Amino acid sequence: MSNEPRRAGRHFLQIPGPTPVPERILAAMSRQMLDHRGLEFQQLGRRVLSGIKGLFKTQGHVIIYPSSGTGAWEAALTNTLSPGDKVLMCETGQFAVLWAGMATRLGLIPEVIPTDWRIGADANLIEQRLRADTGRKIKAVCVVHNETSTGCRTRLDEVRKAIDAVKHPALLMADTISSLACTDLRHDEWGIDVTVSGSQKGMMLPPGLSFTAISAKAIDASKSAELRRSYFAWDDMLAMNASGFFPYTPATGLLYGLAEAIDMINEEGLENVFERHERLSEATRRAVEGWGLDIQSRDAKYHSPAVTAVIMPEGHSADGFRKIVLDSFNMSLGTGLNKIAGKVFRIGHLGDTNELTIMGALAGVEMGFDLAGVPHTKGGVGAAMSYLAETARPKSAVAA
Ligand SMILES: *Cc1c(COP(=O)(O)O)cnc(C)c1O
């Protein structure tokens, strides 16, 4: 038994992932193990491998690894590139920093475009760098779609246009770990070659699965790519997936959950899921504006529908504030990372979140400001409530 006193009600997990897992998914995963070489598994394998494609808007292959998103990052690089290859990356925040660090460790040469951590990747600068690369030494352009550390979203369609404008042959790789099932993503239409994602954010699942959508061009590249890979090699995976199976023991429990998550997203409607995220993020931004505070994303063009990073007033520690909110109201807010550590806190509004979840979170923040003596104006919560009430979408059951 824990020495901690019991806290009534549920913990508010408002970090940008892992996100709370809906009861339906928890129930779907609560099953006995099964033979992963048997017919029953094959049906499950086929169901998730085909169902996940719709979320990426791809007709191509989506690989599902038993790994966190970081594993899919590694798979993306090692399956398509060779030692010494140059990769163009944009330092939009902490996740971009980590992906570039991985590229270096793997023996690649990242050419990093320094970027203001208050915006997304700049397609014009990508175009300039590619234009200057007359020797075509850059083999891949890697961008983070939704930079979870800053709450800035990059326009992947603009990045595609930038590559096409120069007719550069580099592969386009996108990290959509915190944007899948939160905001529009068109793997095929935007000509993305490798799109990596994960289970524990917009997908509403526990951590432990990653997803990798790959284009025909990426598969071609994998045939001559010389970086070492074994567990994460695409070829064995694709060969086995063709019949619904996996080359090694898959995370069967999580796959039951994945099948349920895909059903839930389709029942709501993927575009409705995006709209819900936009609406809840707008409510959050109105609250911050109502408090007289600023958010990390400096331009509406980049505002994230999944997470909002709130800048603390000068002289006030974001982490001290987070601790007060946790101790007083049983809510976890996201911490600031890297150079904005202590300066921002993050409110996750992705995954299985609705109006009252976000209102509860915003009320906890506003009360926390009072307790922590953080200067702010009253009315943030009220502004968010007004917006949500004005834009309410009553749902009535469809008559049978
Ligand atoms: C969470 C996250 C990661 C890291 O994923 P893990 O599942 O923790 O390995 C990478 N990129 C982005 C954008 C993320 O949000």
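Indexing begins at 1, ligand by ligand and atom by atom, following the structure's order. Bear in mind the structure is a predicted one, so any value in this text is a computation, not a measurement.
Selection from Lys201, His145, Gln94 by nearest heavy atom to atom 14 (C) of ligand 1 gives Lys201.
On a distance-only criterion, Phe95 and ligand 1 share no N/O pair closer than 3.5 Å. In terms of polar-atom proximity, defined here as any N/O pair under 3.5 Å, Asp175 does make such a contact with ligand 1.
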Could you walk me through whether Arg298 and Asp116 pass the salt bridge (charged side-chain N to carboxylate O under 4.0 Å, His left out) check? CA-CA 10 Å; Arg298 68 158 88 247; Asp116 178 359; 3.0 Å; yes
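Interatomic distance, CZ of Phe12 versus CD1 of Ile358, reported as 9.0 Å (0.5 Å rounding). In this structure, OG1 on Thr183 lies 9.0 Å from NE2 on His277, to the nearest 0.5 angstrom. In this structure, Glu355 CD and Tyr387 OH are separated by 10.0 Å, a value rounded to the nearest 0.5 Å. Note that CD of Glu260 and CD of Glu23 are 12.0 Å apart. Values are rounded to the nearest 0.5 Å.
Ligand 1 is approached by Trp73 to a heavy-atom distance shorter than 4.0 Å.
Per-residue contacts place Ser68 under 4.0 angstrom from the following atoms of ligand 1 (heavy atoms of the residue considered): 6 (P), 7 (O), 9 (O). Numbered from 1 in the order shown, with element, the atoms of ligand 1 that lie under 4.0 Å from a heavy atom of Val144 read 13 (C).
Counting heavy atoms under 4.0 Å from ligand 1, residue Asn146 touches it through the backbone alone.
Side-chain contact between Glu40 and Asp35 is absent, with no heavy atoms from C-beta onward closer than 4.5 Å.
Considering only non-hydrogen protein atoms, atom 8 (O) of ligand 1 sits nearest to Gln200 NE2, 3.8 Å. Among all protein heavy atoms, the one lying closest to atom 15 (O) of ligand 1 is Thr148 OG1, 2.4 Å.
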Which side-chain N or O atoms in residues 138-148 pair as donor and acceptor under 3.5 Å with protein atoms at least two apart or in another chain?
{"from": "Lys139", "atom 1": "NZ", "to": "Arg136", "atom 2": "O", "distance (Å)": "3.1"}
{"from": "His145", "atom 1": "ND1", "to": "Ser179", "atom 2": "OG", "distance (Å)": "2.8"}
{"from": "Asn146", "atom 1": "OD1", "to": "Ser304", "atom 2": "OG", "distance (Å)": "2.6"}
{"from": "Asn146", "atom 1": "ND2", "to": "Ser178", "atom 2": "OG", "distance (Å)": "2.8"}
{"from": "Glu147", "atom 1": "OE1", "to": "Thr92", "atom 2": "OG1", "distance (Å)": "3.3"}
{"from": "Glu147", "atom 1": "OE1", "to": "Gly93", "atom 2": "N", "distance (Å)": "3.4"}
{"from": "Glu147", "atom 1": "OE1", "to": "Phe95", "atom 2": "N", "distance (Å)": "3.4"}
{"from": "Glu147", "atom 1": "OE1", "to": "Ala96", "atom 2": "N", "distance (Å)": "3.1"}
{"from": "Glu147", "atom 1": "OE2", "to": "Phe95", "atom 2": "N", "distance (Å)": "3.3"}
{"from": "Glu147", "atom 1": "OE2", "to": "Ser149", "atom 2": "N", "distance (Å)": "3.3"}
{"from": "Glu147", "atom 1": "OE2", "to": "Ser149", "atom 2": "OG", "distance (Å)": "2.7"}
{"from": "Thr148", "atom 1": "OG1", "to": "Asn146", "atom 2": "O", "distance (Å)": "3.4"}
{"from": "Thr148", "atom 1": "OG1", "to": "Ser178", "atom 2": "OG", "distance (Å)": "2.7"}

